[in-house]
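As structure tokens, the structure follows; a few thoughts come after it.
None of the values given here were measured: they were computed from a predicted structure.
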Amino acid sequence: MTWSIPTVAVRGVPDPLPEGLHVLDVREDDEWQAGHIEGALHVPLHELVTRLGELPEGQTLVVCKVGGRSARAVAYLQQHGHDAVNLDGGLLDWQAEGRSLVSETGAPAEVL
């Protein structure tokens, strides 16, 4: 069976993010530390299967650096009954559109 991946461009995502929309960041730890969307849940793609139960109910915007890993995550999540949407262009496009990021390092947020 072929799954279509629901995808949204950054310009299609309301700013600020609406109540009830969850953000799932599937990048690696070093990428997360350097910069991420405030309030996002961090579950690296390779941990998604074992941490599926941590995901909140409701619509989830899935993000990575450019959209490849998040597209794979969205396909998996859809197969398991989650309402998930891929961020086209990932956090590189997010940052290019002037959307805010926070870091865990104390340094200015950046997308690795």
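- How far CD of E54 is from CG of L24: 10.0 Å, rounded to the nearest 0.5 Å.
- Looking only at side-chain heavy atoms (C-beta outward), P44 and E31 stay at 4.5 Å or farther from each other.
- Atoms CZ and CD, from R11 and E97 in turn, are 4.0 Å apart once rounded to the nearest 0.5 Å.
- The line from NZ of K65 to CD of E28 is 12.5 Å long, rounded to the nearest 0.5 Å.
- Taken together through direct or relayed side-chain contacts under 4.5 Å among Ile, Leu, Val, Met, Phe, Trp and Tyr, I37 and V62 form parts of separate hydrophobic clusters.
- Closest of all the heavy-atom pairs between R99 and P14 is NH1-O, 3.6 Å.
- Contact record, P6 with A84: CG-O, 3.4 Å, taken as the closest heavy-atom pair.
- V43 has its side chain out of reach of V26: every pair of non-hydrogen atoms, C-beta onward, lies at least 4.5 Å apart.
- The distance from the OG atom of S103 to the CD atom of Q33 is 8.5 Å, given to the nearest 0.5 Å.
- No donor-acceptor pair under 3.5 Å is formed between the side chain of W94 and the backbone N or O of G89.
- Of the N and O atoms on the side chains of N86 and S70, at least one donor lies less than 3.5 Å from an acceptor on the other residue.
- In the hydrophobic clustering of ILVMFWY residues, with side-chain heavy atoms under 4.5 Å counting as a link, V10 and L92 come out together.
- The distance from atom SG of C64 to atom CZ of R72, rounded to the nearest 0.5 Å, is 8.5 Å.
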Checklist entry - When you look at L55 and H82, which way does the side-chain contact (heavy atoms from CB on, under 4.5 Å) test go after all the steps? => result CA-CA 9 Å; L55 271 61; H82 288 268; 4.0 Å; yes
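- Of the residues V63, L61, V85, the one that meets the side chain to side chain contact (heavy atoms under 4.5 Å, CB included) test with V13 is L61.
- Linking Ile, Leu, Val, Met, Phe, Trp and Tyr residues whenever their side-chain heavy atoms come within less than 4.5 Å places L21 and V8 in a single cluster.
- Note on ring orientation: taking the six-membered ring where Trp is involved, the planes of W32 and H36 are parallel (angle under 30°, cut-offs 30° and 60°).
- Residues L17 and V23 are in side-chain contact: their nearest non-hydrogen atoms beyond the backbone lie under 4.5 Å apart.
- Atom CG of D30 and atom OG1 of T105 lie 11.5 Å apart (nearest 0.5 Å).
- Listed here is the closest heavy atom pair of R27 and V111: NH1-CG1, 4.4 Å.
- Transitive grouping of hydrophobic side chains (ILVMFWY, heavy atoms separated by less than 4.5 Å) brings L77 and L41 into a common cluster.
- At most 12 non-hydrogen atoms from other residues, nucleotides or ligands lie less than 6.0 angstrom from CD of E38.
- Across Q95 and A109, no two heavy atoms sit closer than the pair NE2-O, 3.7 Å.
- The side-chain heavy atoms of H42 and D29, taken from C-beta on, include a pair separated by under 4.5 Å.
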Checklist entry - Would Y76 and L52 satisfy side-chain contact (heavy atoms from CB on, under 4.5 Å), going step by step from the backbone distance to the final call? => result CA-CA 10 Å; Y76 178 79; L52 192 58; 4.0 Å; yes
